[in-house]
Structures are given as C-alpha cells and as structure tokens.
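Report on the following structure.
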Protein chains: 2
Amino acid sequence: MIVSTKGRYALRVMVNFAQRDSAEYVPLKEIAESEEISQKYLESIMAVLSKAGFVDAVHGKGGGYRLNRKPEEYTVGSILKLTEGSLAAVSCSSQGPAACSRTQCCQAKPMWDKLDKMIDDFFEGITIADLLSAYEG
Amino acid sequence: MIVSTKGRYALRVMVNFAQRDSAEYVPLKEIAESEEISQKYLESIMAVLSKAGFVDAVHGKGGGYRLNRKPEEYTVGSILKLTEGSLAAVSCSSQGPAACSRTQCCQAKPMWDKLDKMIDDFFEGITIADLLSAYEG
DNA sequence: GGTTTACCTAGTAAGTCTGTAGGTAATATA
DNA sequence: TATATTACCTACAGACTTACTAGGTAAACC
C-alpha cells in the first residue's frame, strides 16, 4: 500500500472544502461529521495542511478552515506528499537511514526510479478540481 | 512504500538464481551469504516461492533450489504479488475487511483504480531477464 | 466572562515488518 | 545403518507504523 488513510482523508477533506463557498470558514467539527472522520484524528491532519499553508485557519466563532487557492491549483501529489511524507515505492532508494548499501550495484534501481517517477507524474497530473468533476482519467 | 524488503529480497534471489547454471541446485545458505540476507528470514521467502512452484527444491546434500523456467518467463509483477500479497495503492479499494463503505460515491475511486492498473502493467512488463541485463526501462 | 474555535502534547491498542529460535522431515554419502 | 546436509515447519519478539483517543492551552468573537 502506498497511500494510508491519512492521505486519503486529506484528499477527501480538500474536496469537501472545494465543494463549498470558497469564502466561508468551516469548523473542523462540521467537516469531520460530513466526512464521517474522527474529529480528533482529523485535527492532526488539518494541522499539517494548515502549517504548510494549504488552508487558512481562524479561531473562534465563525472561524474554521477554508482553501486559499482555487481547486485546480492543488495537485493530488502535493497533498499526498505533504500528509504521507513520501510516496516512494521502496524505502531503500531514498537517502537517509533506510538507504541501501547496494545502490551502486543494484540491478533493480533503475526500475524503482522509473516507477517513482511514474507515480509522481501521475499524482502531479491530477488536481482537486479534477476529483470534483468525477475524475475518470 | 509499496514494496517491502520481502519482495525486494525475492527479486534479488531470483536474479541471483538466473545468473547461475540453470541445472544446478543451490542451497539456501549459499544464496543468503551471496546476497547478505539473513538465512532464517530468507527461509520464509523461499518457502513462498517454492510452494507457489516458482522454484524447484530438493532436500539433502547436493540439493537446494533452482529456477524451473527461463528468466524471461518470470515477471517482476508475479514475484512481487506473490511475496507482498498485494500491490494495491490503497487498502480501501480492495474487497475484504479493509473495503471502504464509500466505494459507491468515492470521487477518488477512478483515480486509485487507474493507478493500480498502471502499477500492475508496469511490473508485469518487466521480467527477471530484463533485470539481468541491467534494465533501464 | 463565556463560548467557540484552532492548536498542542502525550498516550495507546492493534497491526506490520524484519527478523530469531528451535525443531522435524527428506535425501545423499560413508 | 549412521551421519551430514539440506528443505520445511511453528512459534516468538522487538521495533516501528497506523489510526486513533485524552486532555489540555491559546486565540477570536459575543
């Protein structure tokens, strides 16, 4: 599996926002109920989206969250990379602690690299606006 | 991440076999040392490959494992699906306990389906023979 | 001051990943 | 027949991830 509930919930929430009046702030509670997602769990997801500047947030009554760009300006890739951390097909090809010592001689490396690029291109080619209009590829 | 060490080890082992005399049986110990994989962990992977008929196995001295087809007859997809269980991009689109109740109205479903097909086509289009000859796509 | 909202830290039960440990069964060789 | 060599089997375990829950604090509005 490449995309967990965290990324999928983030996408659903962004689509939900996109379906509403773009000027209106919607409280987390309302989104959570509308999407049947645990309110507390959704908090952690909204925190990520808010911190990254994907949504505006205001406190207090009448507050909540709203998109700050047009739906077509959010790629699915940008949302998934933000919430999932990485969309890499294998852990070994990345830099860092999981990096593989056989990278130099790995006969599968070009395959993983090509797959990573294919997946990235795929997700970067789809926007929230595409999902809104019942995306069919 | 979509492919864990289990699947990657399986691929490496299959490539290792393909580089040897196809008639010769190679003991697990030798493969494990050659690939620097834990012998005990590799046992569990070979058990899967053997049970599925991907390799022949014989007990006793002079025994071990060997391929029973030509390298070009093993797709990467068949090996990964066998060892990983599934290559699905999301858990919710599959049948079974993880199935999503929103399948009917899910606006992202066509996207996941298309991605799954893309990944499947990708892996089914590459064979062990391709990896042998330094696959470059 | 009180309500409504976002924001923050911490914990946790269940599952997965990556192995280990210790045996039994089959085959070849002496 | 005895012994070594190999595959095969069951069970466990520590670290990590996933998908939450619990309980607060801070900001904005009335």
Side-chain angles (χ1 to χ4, degrees), chain A residues 1-10 12-13 17 24-33 35-66 68 80 83-88 90-92 96-98 100, chain B residues 1-10 12-13 17 24-33 35-66 68 80 83-88 90-92 96-98 100:
Chain A
M1 215 204 359
I2 202 175
V3 180
S4 68
T5 60
K6 199 162 188 175
R8 298 204 310 272
Y9 285 178
R12 276 167 55 185
V13 166
F17 280 119
E24 175 198 7
Y25 284 97
V26 186
L28 183 136
K29 196 185 170 191
E30 190 178 327
I31 296 285
E33 282 169 2
E35 291 291 335
E36 293 171 302
I37 298 173
S38 149
Q39 202 169 315
K40 279 293 187 179
Y41 187 37
L42 188 54
E43 270 191 20
S44 66
I45 296 169
M46 292 313 300
V48 173
L49 290 169
S50 176
K51 202 171 286 182
F54 279 48
V55 294
D56 290 330
V58 297
H59 289 226
K61 189 156 194 173
Y65 300 95
R66 73 175 185 197
N68 55 22
L80 291 183
T83 50
E84 296 285 331
S86 164
L87 294 177
V90 290
S91 62
C92 55
C100 179
Chain B
M1 213 205 358
I2 201 174
V3 181
S4 69
T5 60
K6 199 163 188 175
R8 299 205 309 273
Y9 285 178
R12 276 166 57 185
V13 165
F17 279 120
E24 175 199 7
Y25 284 97
V26 187
L28 183 138
K29 195 185 168 190
E30 189 178 326
I31 295 287
E33 283 170 0
E35 291 289 338
E36 292 171 302
I37 297 172
S38 148
Q39 202 169 316
K40 279 292 187 181
Y41 188 37
L42 187 53
E43 269 190 19
S44 65
I45 296 169
M46 291 313 300
V48 174
L49 291 169
S50 177
K51 202 172 285 182
F54 280 48
V55 294
D56 291 329
V58 297
H59 288 226
K61 190 157 194 172
Y65 300 95
R66 73 175 185 197
N68 54 22
L80 290 183
T83 51
E84 295 285 330
S86 163
L87 295 176
V90 291
S91 62
C92 55
C100 179

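Sequence lines set the chain letters: A, B, ... in the order given, protein chains first and strands last, and positions in each chain run from 1.
- Atom-to-atom, OH of Y41(B) to P of dT16(C) comes out at 14 Å; the value is rounded to the nearest Å.
- Following rounding to the nearest Å, E24(B) (CD) and dT6(D) (P) show an atom-to-atom distance of 12 Å.
- The listed nucleotides are dC9(D), dT5(C), dC7(C); the one nearest the side chain of K51(B) is dC9(D).
- Residue-to-nucleotide proximity on DNA chain C shows that, of K61(A) and G60(B), the 5′-proximal contact is made by K61(A).
- Here the C1' atom of nucleotide dG19(C) and the CD atom of E36(B) are 16 Å apart, to the nearest Å.
- Between R8(B) atom CZ and dC17(C) atom C1' the separation is 11 Å, expressed in whole Å.
- S44(B) places a side-chain N or O within donor-acceptor distance of the main-chain N or O of Y41(B), the cut-off being under 3.5 Å.
- For the pair S4(B) and dC17(C), the criterion of a side-chain N or O lying under 4.0 Å from OP1 or OP2 is not met.
- Both E84(A) and Y65(B) lie close to DNA chain D; mapped to their nearest nucleotides by heavy-atom distance, the more 5′-ward contact belongs to Y65(B).
- For the pair E30(A) CD and dT4(C) P, the interatomic distance rounds to 15 Å; values are reported in whole Å.
- Picking from dA6(C), dA26(C), dA19(D) the nucleotide with the shortest atom distance to the side chain of H59(B) gives dA26(C).
- The side chain of K40(A) sits closest to dC7(C) out of dT20(C), dT27(C), dC7(C).
- Using a 4.0 Å heavy-atom distance criterion, A47(A) is classed as making no nucleic acid contact.
- Judged by distance alone, the side chain of E84(A) and the main-chain N or O of G7(A) form a donor-acceptor pair under 3.5 Å.
- Rounded to a whole Å, the CD1 atom of I31(B) is 17 Å from the C1' atom of dT5(D).
- When each of E43(A) and G63(A) is assigned the nucleotide of DNA chain C with its nearest heavy atom, G63(A) is the one assigned upstream, toward the 5' end.
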Show your reasoning for whether side-chain contact (heavy atoms from CB on, under 4.5 Å) applies to Q39(B) and K29(B).
-> CA-CA 6 Å; Q39(B) 202 169 316; K29(B) 195 185 168 190; 3.5 Å; yes
side-chain contact (heavy atoms from CB on, under 4.5 Å) between T83(B) and Y9(B): does it pass, once the steps are laid out?
-> CA-CA 9 Å; T83(B) 51; Y9(B) 285 178; over 6 Å; no
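- Counting non-hydrogen atoms under 4.0 angstrom, S50(A) reaches the backbone sugars and phosphates but no base.
- You'll find the side chain of I37(B) reaches within 4.5 Å of the side chain of R12(B), heavy atoms only.
- Nearest nucleotide to the side chain of S38(A), out of dC8(C), dC20(D), dC7(C): dC20(D).
- In this entry the distance linking CD of E35(A) with P of dC20(D) reads 14 Å, nearest Å.
- What separates CD of Q39(A) from P of dT5(C) is a distance of 10 Å, to the nearest Å.
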